[in-house]
Amino acid sequence: IAGLQWLVHERLMLQPNQGVRLSHWGRECRGEETFRSLSLQTGAKFEMALLLQRAPDAQLARVRIACSALRTRQYAVDATTTVLQLKTLIESGAKEGDHR
């Protein structure tokens, strides 16, 4: 199954952060399984779903927000920072006249 997923990935020219999920009769087909272990018959059909995936080693270190009127600002964030917290940081910087 992993080979089939790779072929579909290559054929569709997906980006590295995109993946392919294959399922057969509602059961997800995992990469380590074989066609024989799934007991597929000739002419069997798969359902395919494209998905976005985050690389497991990718760490969010900072976010850059560009504005044509100001220089780029940097805010210290991590994977647990919420959108509301980020918006609060941006708003507080704007109110303080933080035009770095």
Side-chain angles (χ1 to χ4, degrees):
I1 297 296
L4 177 60
Q5 288 174 326
W6 181 82
L7 286 172
V8 170
H9 195 277
E10 289 293 311
R11 180 73 174 172
L12 297 177
M13 295 184 289
L14 300 178
Q15 297 177 6
N17 66 336
Q18 294 177 306
V20 177
R21 178 185 299 150
L22 297 174
S23 58
H24 179 69
W25 285 91
R27 181 175 172 260
E28 183 176 349
C29 302
R30 303 196 184 282
E32 64 273 1
E33 295 177 309
T34 64
F35 294 115
R36 183 167 289 174
S37 69
L38 292 173
S39 300
L40 297 176
Q41 300 199 2
T42 304
K45 294 184 181 182
F46 288 95
E47 292 85 36
M48 180 181 71
L50 297 178
L51 46 112
L52 292 176
Q53 55 193 14
R54 183 173 145 184
D57 59 347
Q59 297 281 329
L60 181 61
R62 66 177 175 231
V63 176
R64 291 181 182 246
I65 300 174
C67 175
S68 60
L70 305 173
R71 293 169 60 199
T72 301
R73 300 179 189 182
Q74 294 184 9
Y75 297 99
V77 298
D78 60 17
T80 61
T81 303
T82 64
V83 173
L84 179 61
Q85 291 169 332
L86 181 59
K87 286 182 176 182
T88 304
L89 283 171
I90 295 168
E91 185 179 8
S92 66
K95 285 183 179 178
E96 294 172 2
D98 182 19
H99 299 292
R100 293 183 260 143

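Given the structure is predicted, the values throughout are model-derived calculations rather than measurements.
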Enumerate, atom names and distances included, each donor-acceptor pair closer than 3.5 Å involving a side-chain atom of residues 30-37, sequence neighbours excluded.
from	atom 1	to	atom 2	distance (Å)
Glu33	OE1	Arg30	N	2.8
Glu33	OE2	Arg27	NH2	2.7
Thr34	OG1	Ser37	N	3.0
Thr34	OG1	Ser37	OG	3.3
Ser37	OG	Thr34	N	3.0
Ser37	OG	Thr34	O	2.9

Does Thr80 have any side chain to side chain donor-acceptor pair (under 3.5 Å) partners at least two apart in sequence or in another chain, and if so, which?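 In terms of side chain to side chain donor-acceptor pair (under 3.5 Å), with neighbours along the sequence ignored, Thr80 is linked to Asp78.
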
Which residues pass the side chain to side chain donor-acceptor pair (under 3.5 Å) test with Glu28, sequence neighbours left out?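 Partners of Glu28 under the side chain to side chain donor-acceptor pair (under 3.5 Å) test: none.
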
Between SG of Cys29 and CE of Met48, what distance do you get to the nearest 0.5 Å?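 If I round to the nearest 0.5 Å, the distance is 13.0 Å.
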
Is a side-chain donor or acceptor of His24 paired with a backbone partner of Lys45 at a separation under 3.5 angstrom?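 Checked: pair present.
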
May I have the list of side-chain donor-acceptor pairs in residues 1-16 shorter than 3.5 Å, sequence neighbours left out?
from	atom 1	to	atom 2	distance (Å)
Gln5	NE2	Val20	O	3.4
His9	NE2	Gln15	O	3.4
His9	NE2	Gln18	O	3.1

Pairing residues for Thr82 by the side chain to side chain contact (heavy atoms under 4.5 Å, CB included) criterion, not counting sequence neighbours: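 So Thr82 forms a side chain to side chain contact (heavy atoms under 4.5 Å, CB included) with Leu84, Gln85.
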
If you compare all heavy atoms of Leu86 against all heavy atoms of Thr81, which two are closest, and at what distance to 0.1 Å?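 Scanning both residues completely, I find the closest heavy atoms to be N-CG2, 4.3 Å.
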
